[in-house]
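Below is one structure, written out as structure tokens, with a few remarks after it.
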Amino acid sequence: MLREARSVVVLTGAGISSESGLRTFRGGTAASAQDLPADMRALWAEFDPQTLATPEAFEDDPDRVSRWYDWRRLGCLHAQPNPGHLALAELEKRMTAAGRSFTLLTQNVDRLHQRAGSRNVVELHGNIIEWRCTKTGRMVQLGAEPLTTFPTPSPHAAGALLRPNVVWFGEMLPEAAVLAASRAVQSCDLFFSIGTSAVVYPAAVFLHAARQNGAGAIEINAEATAASKVVDVCLRGRAGDMLPALLQAAIRD
Ligand code: BJW
């Protein structure tokens, strides 16, 4: 299917970054849970994305939520792209060189795809590396050091705070990202769902839209998910094993 595809869309989720040591949202444990500071370990243990990753949680307790996101921001900066990320970047390079189309939709906020060399990346849920002013929306580039004041005052407006430039539950996805994703999905003939539980909307809709347009679909996941029954093929295993193998098979003459 991959050898014949003219236009590929890949949707990735937290599972592809788990082999870089970043935790997934639903199920599983941190690759290095024992290394976590005690307060962060406690937060992960009780972490429910639907209650903590919300504007309401930030309003209720900006100190706790900012600390949590700053700690995760540093984790993302220190993490390295793994063979799954690298294989997708290589696949994009080869497909575009051959005049074919490749679009990577990611729900991940960690920027590991870009660091692996992927170019045509659509960030559906923003990113954790940049933070923005709660009043003006202006972006602030943070350094590699931990923030020192929580909650963090915005330099752009008196009384305003900095928040991570991610999409929380109940918030709209960036319009440009949704538009770019919808366009790519409309014209793709092969869709991959990789390392995502496929339960968060509207990202989860893209697989169904691609199927309705007649695209083939492949899932790569360690476990069965909401996407498994919708795809043509389930490749059950780790993305960091499956993707390099798939790349090799696809480019074989
Ligand atoms: C491996 C592996 C390995 C492990 N190899 N695989 C009812 C119906 C429909 C929609 C809604 C509804 N009620 C509410 C909604 C809307 C809501 C939603 O979808 N809720 C559902 C939970 C029901 N969505 C929203 O609110 C979105 N906005 C929106 O809809 O706007 C319109 C609107 C506004 C107001 C009201 C209503 C509508 C926004 C969603 C934002 C999601 N944000 C988060 C947090 C980002 C910031 C942060 O990082 O903290 O995004 S939540 C979290 O989930 C994060 C992820 O991107 C997202 C998806 O998770 P993902 O990536 O799939 O990870 P996991 O952990 O779930 O799965 C990992 C998978 O990897 C597993 O399957 C493993 O098996 C696998 N795996 N290791 C391969 N090595």
message: Could you check whether any side-chain heavy atom of Leu162 comes within less than 4.5 Å of a side-chain heavy atom of Ser66, counting everything from C-beta outward?
response: no
message: Donor-acceptor check, side chain of Ser17 to backbone of Ala14, threshold 3.5 angstrom: yes or no?
response: no
task: Taking all heavy atoms of Ala210 and all of Val185, pick out the closest pair and write down the distance.
output: N-CG1, 3.6 Å
- request: Ignoring hydrogens and angles, tell me if any N or O in the side chain of Asn221 forms a donor-acceptor pair with the backbone of Ala224 under 3.5 Å.
  value: no
query: Do Val8 and Phe191 touch side chain to side chain, with heavy atoms closer than 4.5 Å?
result: no
- request: Quick one: pull up CG in Asp241 and CG in Leu235 and give me the separation to the nearest 0.5 Å.
  value: 11.5 Å
task: Search all heavy atoms of Ala239 against all heavy atoms of Pro244 and return the closest pair with its distance.
output: O-CD, 3.7 Å
message: Within the 4.5 Å heavy-atom criterion, are Leu142 and Leu147 side-chain neighbours or not?
response: yes
task: Any pair with a residue in residues 117-129 that passes salt bridge (charged side-chain N to carboxylate O under 4.0 Å, His left out), sequence neighbours left out, goes on the list, sorted by first then second residue, please.
output: Arg111-Glu123
statement: Scanning both residues in full, the closest heavy-atom pair of Leu88 with Phe102 reads O-CZ, 3.9 Å
query: Just how far is it from atom CG of Leu112 to atom CD1 of Ile16, taken to the nearest 0.5 Å?
result: 9.5 Å
query: Would you say Val109 and Trp131 are hydrophobically clustered, going by side-chain heavy atoms of ILVMFWY under 4.5 Å?
result: yes
task: Scan for salt bridge (charged side-chain N to carboxylate O under 4.0 Å, His left out) pairs involving residues 8-20, sequence neighbours excluded, and state none if there are none.
output: Glu19-Arg238
message: Between Trp68 and Phe58, is there shared hydrophobic-cluster membership here, with clusters defined by ILVMFWY side-chain heavy atoms closer than 4.5 Å?
response: yes
query: Is the closest side-chain heavy-atom distance between Lys135 and His156 below 4.5 Å?
result: no
Atom pair CG (Asn120) and OG (Ser101), whose distance is rounded to the nearest 0.5 Å: 7.0 Å
Residue that, paired with His125, satisfies side chain to side chain contact (heavy atoms under 4.5 Å, CB included) out of Thr106, Val166, Asn165, Leu173: Leu173
message: Check whether Ser18 reaches the backbone of Thr24 with its side chain - one donor and one acceptor, N or O, closer than 3.5 Å.
response: no
- prompt: When rounded to the nearest 0.5 angstrom, what distance separates CD1 in Ile128 from CH2 in Trp71?
  reply: 10.0 Å
message: Count I, L, V, M, F, W, Y as connected when their side-chain heavy atoms are under 4.5 Å apart, and connections chain through other members. Are Val205 and Val10 then in the same cluster?
response: no
query: Checking Thr54 side chain against Ala57 main chain: does a donor-acceptor pair fall under 3.5 Å?
result: yes
- prompt: Any side-chain heavy-atom pair from Met95 and Leu91 closer than 4.5 angstrom?
  reply: yes
message: To check you understand the geometry: which heavy-atom pair defines the closest contact between Val167 and Pro174, and what is its length?
response: CG2-CD, 3.8 Å
query: How would you list, by chain and number, every residue that makes a ring pair (Phe, Tyr, Trp, His ring centres under 6.0 Å) with Phe150, sequence neighbours excluded?
result: none
message: If hydrophobic clusters are built from ILVMFWY residues whose side chains come within less than 4.5 Å, do Phe192 and Leu11 share one?
response: no
task: Scan for salt bridge (charged side-chain N to carboxylate O under 4.0 Å, His left out) pairs involving residues 142-156, sequence neighbours excluded, and state none if there are none.
output: none
query: Any side-chain heavy atom of Val200 sitting closer than 4.5 Å to one from Arg26?
result: yes
field: Worked check of side chain to side chain contact (heavy atoms under 4.5 Å, CB included) between Ile220 and Leu243
entry: CA-CA 8 Å; Ile220 298 178; Leu243 282 166; 3.7 Å; yes
task: Decide yes or no on side chain to side chain contact (heavy atoms under 4.5 Å, CB included) for Ser154 and Leu161, but give the supporting numbers first.
output: CA-CA 5 Å; Ser154 166; Leu161 297 176; 5.8 Å; no
- request: Check the surroundings of atom NZ in Lys93: do more than 12 heavy atoms from other residues, nucleotides or ligands lie under 6.0 Å from it?
  value: no
- prompt: Between Leu74 and Pro146, is any pair of side-chain heavy atoms under 4.5 Å apart?
  reply: yes
- request: Indicate, with yes or no, if Leu86 and Met242 share a hydrophobic cluster defined by side-chain heavy-atom contacts under 4.5 Å among Ile, Leu, Val, Met, Phe, Trp and Tyr.
  value: no
message: Is there a side-chain contact between Phe206 and Val9 in this structure, where contact means two heavy atoms from C-beta onward sitting under 4.5 Å apart?
response: no
task: Kindly compute the distance separating SG (Cys76) from CD1 (Ile129), expressed to the nearest 0.5 Å.
output: 5.0 Å
- request: Verify, without hydrogens or angle tests, whether Arg115 (side chain) and Ala79 (backbone) share a donor-acceptor contact under 3.5 angstrom.
  value: yes
field: Selection residues 169-195 - residue pairs positive for salt bridge (charged side-chain N to carboxylate O under 4.0 Å, His left out), sequence neighbours left out
entry: Arg163-Glu171
- request: Using the six-membered ring wherever Trp is involved, compare the ring planes of His85 and His113 and label them parallel, tilted or perpendicular (cut-offs 30° and 60°).
  value: perpendicular
- prompt: What pairs of residues pass the side chain to side chain donor-acceptor pair (under 3.5 Å) test when at least one of them lies in residues 194-219, not counting sequence neighbours?
  reply: Gln107-Thr196, Arg211-Asp232, Glu219-Thr225, Glu219-Ser228, Glu219-Arg236
statement: In short, Ala227 meets Ser193 closest at the heavy-atom pair CB-OG, 4.0 Å
message: Rounded to the nearest 0.5 Å, what separates atom CD in Glu92 from atom CZ in Arg94?
response: 13.0 Å
field: Expected output: side-chain Ser20 to main-chain Gln80 donor-acceptor under 3.5 Å
entry: yes
field: Asn108 side-chain N/O to Asp110 backbone N/O, donor-acceptor pair under 3.5 Å
entry: no
- request: Please report the shortest heavy-atom distance between Ala203 and Leu124, naming the atom on each side.
  value: CB-CD1, 4.0 Å
task: Any chance you could lay out the salt bridge (Lys or Arg N to Asp or Glu O under 4.0 Å) test for Arg73 and Asp70, step after step, and finish with the verdict?
output: CA-CA 5 Å; Arg73 176 181 76 86; Asp70 193 47; 2.7 Å; yes
field: Derivation of the side chain to side chain contact (heavy atoms under 4.5 Å, CB included) call for Ile218 and Val231
entry: CA-CA 5 Å; Ile218 299 174; Val231 297; 5.8 Å; no
